[in-house]
Amino acid sequence: LFLEEAGLPYEPIPVDTRKGDQHKPDYLAINPNAKVPAIVDGDAVVFDSNAILLYLGEKTGKFMPPKGDKARGELLSWLMFVASGVGPYAGQSVHFRNYAPEKIEYATNRYAFEAQRHFGILDARLGKQKYMLGDIYTIVDMDVWGWARLMPNILGETAWAKFPNLKRLVDEISARPAAQRAVALKDKHKFKT
């Protein structure tokens with residue numbers, strides 16, 4: 001999304017995680033944690049969505065408050081909130097809800113509860129302002145969109161009713177041409193189903 005929003009040239013390289021391509025030595029050399037996404041920018045190798053957003057934002061000066069601005073601290077706090085809370089709980093909710101070979105009610109409920117709690121914090125924030133940092137669209141909004149747009153898979157089809165402010169943000173970003181181009185990237189590649 002950032003690359004499309006900023007109009008930066010890039011070459012997407014598909015990594016079929018369902019085939020296990022992320023565990024191949026050539027990919028592990030880029031990301032030893034065997035997760036996507038990762039970028040190679042000249043000599044710089046950056047992995048983890050939030051690190052990539054921060055790297056690109058700082059490199060280009062786009063979608064970031066200026067250095068020294070009080071909003072910079074807020075940006076870092078919300079990025080870490082998504083990285084340490086939203087992402088892990090949403091990811092585990094998806095796993096235990098949809099993919100775990102054994103249905104464990106406690107795990108399913110625990111991760112769904114925490115995912116809902118974290119999304120509720122984002123929703124409350126967005127109930128007071130247009131974007132996560134006020135009136136400006138930043139990398140934090142892109143970060144939130146990356147997870148929140150998958151809400152039906154994370155918490156079920158009816159989950160949006162609980163998060164109207166978050167839904168508003170997701171719908172707004174999803175309508176942006178850059179978001180539509182970013183989502184369409186998957187259609188250019190064949191992946192194992």
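Source: prediction; values computed, not measured.
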Any donor-acceptor pair under 3.5 Å linking the side chain of [X] with the backbone of [Y]?
X: Arg117; Y: Ala112; result: no
X: Asp48; Y: Asn50; result: yes
X: Asp123; Y: Asn165; result: yes
X: Gln180; Y: Ala175; result: yes

Minimal non-hydrogen separation, [X] against [Y], with atom names:
X: Glu114; Y: His118; result: O-ND1, 2.8 Å
X: Trp145; Y: Ser174; result: NE1-OG, 2.9 Å
X: Tyr27; Y: Ala38; result: OH-CB, 3.4 Å
X: Arg97; Y: Gly156; result: NH2-CA, 2.9 Å
X: Gln22; Y: Ala34; result: CG-O, 3.1 Å
X: Ile154; Y: Ala90; result: CD1-CB, 3.7 Å

Considering only NZ, NE, NH1 and NH2 on the basic side and carboxylate oxygens on the acidic side, decide whether [X] and [Y] come within less than 4.0 Å.
X: Arg110; Y: Glu105; value: no
X: Glu58; Y: Arg72; value: yes
X: Asp21; Y: Lys24; value: yes
X: Lys59; Y: Asp41; value: yes

Can you measure from [atom1] ([X]) to [atom2] ([Y]) and round to the nearest 0.5 angstrom?
X: Ser93; Y: Asn98; atom1: OG; atom2: CG; result: 8.0 Å
X: Leu185; Y: Glu4; atom1: CG; atom2: CD; result: 6.0 Å
X: Arg149; Y: Leu169; atom1: CZ; atom2: CG; result: 13.0 Å
X: Phe81; Y: Ile121; atom1: CZ; atom2: CD1; result: 4.0 Å
X: Leu56; Y: Leu8; atom1: CG; atom2: CG; result: 7.0 Å
X: Trp160; Y: Leu166; atom1: CH2; atom2: CG; result: 4.5 Å

ILVMFWY network linking [X] to [Y], side-chain heavy atoms under 4.5 angstrom:
X: Tyr99; Y: Tyr106; answer: no
X: Tyr10; Y: Leu53; answer: yes
X: Val46; Y: Leu54; answer: yes
X: Val36; Y: Leu28; answer: no
X: Phe113; Y: Tyr89; answer: no

With Tyr55, which residues qualify under ring-ring contact (aromatic ring centres under 6.0 Å, His included), at least two apart?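 Residues passing ring-ring contact (aromatic ring centres under 6.0 Å, His included) with Tyr55: none at all.
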Mind checking what makes ring-ring contact (aromatic ring centres under 6.0 Å, His included) contact with Phe47, not counting sequence neighbours?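 Applying ring-ring contact (aromatic ring centres under 6.0 Å, His included) to Phe47 gives none.
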Is the closest side-chain heavy-atom distance between [X] and [Y] below 4.5 Å?
X: Val86; Y: Val144; answer: no
X: Leu126; Y: Met132; answer: yes
X: Tyr111; Y: His95; answer: no
X: Val94; Y: Leu150; answer: no
X: Val45; Y: Ile39; answer: no
X: Asp135; Y: Gln129; answer: no

Are there more than 12 heavy atoms of other residues, nucleotides or ligands under 6.0 Å from atom NZ of Lys103?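 Yes, the 6.0 Å shell around NZ holds more than 12 heavy atoms from other groups.
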Do Tyr131 and Glu172 meet the criterion of a side-chain donor-acceptor pair at a distance under 3.5 Å?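 Looking only at side-chain atoms, Glu172 and Tyr131 do form a donor-acceptor pair, the distance falling under 3.5 Å.
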Quick one: sort the Phe63 and Phe2 rings into parallel, tilted or perpendicular, breaks at 30° and 60°.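 Aromatic pair Phe63/Phe2 classed perpendicular.
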Dump the intermediate steps for side-chain contact (heavy atoms from CB on, under 4.5 Å) on Gln116 and Leu155, then the final yes or no. CA-CA 8 Å; Gln116 280 186 6; Leu155 295 172; 3.5 Å; yes
side-chain contact (heavy atoms from CB on, under 4.5 Å), that's the test. Do Ile173 and Met142 meet it? Break it down for me. CA-CA 8 Å; Ile173 295 173; Met142 294 176 197; 5.9 Å; no
Please determine which of Leu122, Leu75, Leu76 meets the side-chain contact (heavy atoms from CB on, under 4.5 Å) test together with Val140.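 Only one of Leu122, Leu75, Leu76 forms a side-chain contact (heavy atoms from CB on, under 4.5 Å) with Val140, namely Leu75.
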Set out, in order, the CA-CA distance, both residues' side-chain angles and the distance that settles side-chain contact (heavy atoms from CB on, under 4.5 Å) for Arg168 and Lys130, then state yes or no. CA-CA 9 Å; Arg168 172 194 49 79; Lys130 183 173 182 175; 4.1 Å; yes
With a distance cut-off below 6.0 Å to the six-membered ring centre and an angular limit of 45° from the axis, does Arg176 pair with Tyr137 as a cation-pi contact?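 Ring-cation test returns yes.
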